[in-house]
Amino acid sequence: MLQQKDKVMHQAVQDHMRILWQVPIPMSDGTILRADVFLPVEAGAYPTVMTYGPYGKGQAFQEAYAGQWNRMVEDFPEIMEGTTNKYQCWEVADPERWTPHGYAVVRIDSRGAGWSEGVQKLWSRQEIEDFYECIEWAAKEPWSDGNIGLLGISYYAANQWLVAAMQPPHLKAMIPWEGTSDWYREFYYHGGIRCTFLDSWLPKQLPMQYGVGSRARKNPITGESVSGPVTLSEEELLQNRVDIAAEVKSHPLDDEYYQDITVDWSKVKVPFLSAANWGGQGLHLRGNIEGYLQASSEHKWLEVHGLEHWTHFYTPYGVDLQRRFFDHFLKGEKNGWENEPKVRLQIRHPGNQFVERTEKAWPIPGTQWTRYYLDAGNNCLDINPLKKQARSIYDPQNESAIFFTPAMEKDTEITGPLAAKLFISSDTTDADLFLTLQLISPDGEEVVFRGAMDAHTPVAQGWLRASHRKLDTDKSLPYRPYHSHTVTEPLTPGEIYEVEVEIWPTSIVVPAGYRLALSVGGKDYEYGGEIDEESRKFHRYPSKGCGPFLHKDPSDRPENVFGGNVTIHTGGGRDSYLLLPVIPEK
């Protein structure tokens, strides 16, 4: 079977690369996966940069994601320089940036996707076991020197954490760029509330399934279908994929179902550079920071930037970081990376401006953890606890309770993880809490930011289902509460409960005269300004503030349970507060 399929493989020398198309990779169960391999023209054994994922390795970035590509190169035209850009593909490295520097670049279609056979089960143990085999396969090929590095965005980043925990012998370094490391908390259920991103994302992946064949897009270089050489019926395609959304919906708690995709951090020991995005609330932020903190690797670095989640991966800034890291760990070059500061941050300012700074650790040493106490009587945030009790009642379907800091007397930097403690009661047996930190200008208008997948993101967001309030005390930190999500504890209507809410990390320099606002509501944040046509074209999802990371599954949030009024109690011993990481001036 392998010999027959091996005839599909072909090669070419073009654009200063030697390219092997559709290289078969036999898995231990007999399934054949396929890779495209990009090599320097000169024969040799090279350090190897690898990706493994479901997006169709032959699909052109410029065609499949035209809006994103056009905006990116408009903002950063230097991406177009020094490369033909013919081999650009979504969320993976441009081989023309790597082969001239003595690297092999390998793109692998994951099981059941693109040109790789098999039943597709996204985010599964099977994929990670395949990935392990692919790493070890590549290490033994004559064009590889056995030093394998992993590089890619989002999906291509997330599976790096899991395969690293399997400790493939030839995996020497990795760069997970904006990829979740906790599927339950960062992807499927934010704070225990089901995120419907999966529902909107999955249909967009169906054209990339193996077997779509003649109905799929074509690789612009080879003219081949990006979804395999055979064309299957819709019924056959359905039989060849697992309904992951149905499985996730049937597991609303962090139970044994998620164990196969739970990272064993004690076993993640490979050197890595973890890159996160301040505007990645919902998927492209928390996992990279938690991965950096929890992994056992002796050699690990954290980088956090802004703008869209694909942009800096391709800019000279990002490519230079990637290459210096791999030059050191895959090639053994003494290029100064050993002296690289552990944390590199692009500190965010209004107007989508960023100022780079390095730090020794995360959270930033010297952070002034500052409590701002909620005052329901005056809708404000005060640095002093309140003696007088007050309460704010809101209808979670239509209203939010909003609390404002005083105007800042001087420019004030907020960078790091955030949290809130709230005293709440509900008219029903549960409540979904949506917390949003917003920046307010002197004229009272909200200032928003270009985020990972939305053009109008707020400063920070956090979520919690009140019945999931139980904390894992061993893993919780004062600035990052960690909920077990293993049990539900319904509320008694009218009874007051103390809950702690994790708010994902952020960075913002609040100018003098500006204020911060904390909104507590019962539904997704929605940007109140005008959404221009350019934003609609640029992002694949409506730019209303949350991108595709919404929580609108009616079966998860029945109105009779989550539609009752919620009361926030403040003062008089019920000290509801927002914890902010204030960075002192240096």
Side-chain angles (χ1 to χ4, degrees), residues 55 59-98 151-154 156-157 175 177-179 275-285 288 303-324 344-357 439 446-459 506-509 527 529-549:
Y55 286 119
Q59 187 163 242
F61 191 152
Q62 299 91 321
E63 178 183 352
Y65 305 90
Q68 292 90 329
W69 172 262
N70 292 335
R71 177 61 179 272
M72 181 173 70
V73 297
E74 178 183 336
D75 289 347
F76 297 93
E78 57 268 32
I79 291 173
M80 300 285 287
E81 298 172 4
T83 170
T84 68
N85 289 290
K86 288 157 53 176
Y87 304 90
Q88 294 278 11
C89 192
W90 181 245
E91 297 188 337
V92 299
D94 176 3
E96 291 184 273
R97 297 285 187 197
W98 292 87
L151 173 65
I153 311 174
S154 195
Y156 296 104
I175 305 177
W177 195 280
E178 298 189 36
N277 189 315
W278 299 124
Q281 298 126 357
L283 186 61
H284 298 103
L285 170 61
N288 286 91
E303 186 275 347
V304 193
H305 52 268
L307 301 180
E308 295 70 36
H309 86 92
W310 52 84
T311 299
H312 278 306
F313 183 82
Y314 295 95
T315 63
Y317 164 78
V319 174
D320 176 67
L321 278 175
Q322 297 158 23
R323 190 181 298 142
R324 287 197 297 118
R344 180 175 298 274
L345 306 174
Q346 300 295 328
I347 303 300
R348 187 167 58 176
H349 294 248
N352 295 302
Q353 300 299 312
F354 299 88
V355 177
E356 183 171 289
R357 190 175 72 233
L439 178 63
E446 182 184 7
V447 179
V448 291
F449 305 88
R450 281 169 56 182
M453 295 184 70
D454 193 293
H456 308 108
T457 59
V459 174
T506 194
S507 176
I508 181 63
V509 176
Y527 171 60
E530 182 179 352
I531 302 174
D532 58 74
E533 190 61 31
E534 182 182 6
S535 296
R536 298 179 189 276
K537 292 179 181 178
F538 180 34
H539 288 279
R540 304 178 76 194
Y541 305 93
S543 275
K544 296 183 178 181
C546 295
F549 306 111

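Since this is a predicted model, take the numbers as computed values, not measurements.
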Please give me the minimum heavy-atom distance between [X] and [Y], naming the atom from each residue.
X: V459; Y: T506; answer: O-OG1, 2.7 Å
X: F449; Y: R348; answer: CD2-CD, 3.8 Å
X: F549; Y: Q281; answer: CD1-O, 3.5 Å
X: G545; Y: D454; answer: N-OD2, 2.9 Å
X: G152; Y: A157; answer: O-CB, 3.3 Å
X: R450; Y: T457; answer: C-OG1, 4.2 Å

Donor-acceptor pair between Q346 and Y317 side chains, under 3.5 angstrom: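 Q346 vs Y317: donor-acceptor pair found between side chains.
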Test side-chain contact (heavy atoms from CB on, under 4.5 Å) on I508 and L439 and set out the steps. CA-CA 9 Å; I508 181 63; L439 178 63; 4.1 Å; yes
Evaluate F61 against V92 for side-chain contact (heavy atoms from CB on, under 4.5 Å), listing each step before the verdict. CA-CA 10 Å; F61 191 152; V92 299; over 6 Å; no
How many angstroms lie between atom [atom1] of [X] and atom [atom2] of [Y], to the nearest 0.5 angstrom?
X: Q322; Y: R97; atom1: CD; atom2: CZ; result: 10.5 Å
X: M72; Y: Q88; atom1: CE; atom2: CD; result: 6.0 Å
X: I531; Y: K544; atom1: CD1; atom2: NZ; result: 6.0 Å
X: Q62; Y: C89; atom1: CD; atom2: SG; result: 9.5 Å
X: E78; Y: T315; atom1: CD; atom2: OG1; result: 7.0 Å
X: N352; Y: W278; atom1: CG; atom2: CH2; result: 14.5 Å

Just do the side-chain contact (heavy atoms from CB on, under 4.5 Å) check on Y314 and T83 with the steps written out, would you? CA-CA 12 Å; Y314 295 95; T83 170; over 6 Å; no
Is there a donor-acceptor contact under 3.5 Å from the side chain of N70 to the main chain of A66?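 Side chain of N70 to backbone of A66, a donor-acceptor pair under 3.5 Å: yes, one is there.
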Any sub-3.5 Å donor-acceptor pair from H456's side-chain atoms to S543's backbone N or O?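 Checking the backbone N and O of S543 against the side chain of H456, a donor-acceptor pair under 3.5 Å is found.
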Can you list everything that forms a side chain to side chain contact (heavy atoms under 4.5 Å, CB included) with A275? Sequence neighbours excluded, please.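 W177, E303, H305.
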Could you walk me through whether N277 and L285 satisfy the side-chain contact (heavy atoms from CB on, under 4.5 Å) test, starting with their C-alpha distance in whole Å, then the side-chain angles of each, then the deciding distance to 0.1 Å, before giving a yes or no? CA-CA 5 Å; N277 189 315; L285 170 61; 5.6 Å; no
Step through it carefully: locate the ring centre of W310, locate the ring centre of W69, and say whether they are under 6.0 Å apart.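 Not close enough - the centres of the two rings lie 6.0 Å or further apart.
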Geometric class of the Y156/Y55 ring pair [parallel <30°, tilted 30-60°, perpendicular >60°]: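 If you compare the ring of Y55 with that of Y156, the planes turn out tilted.
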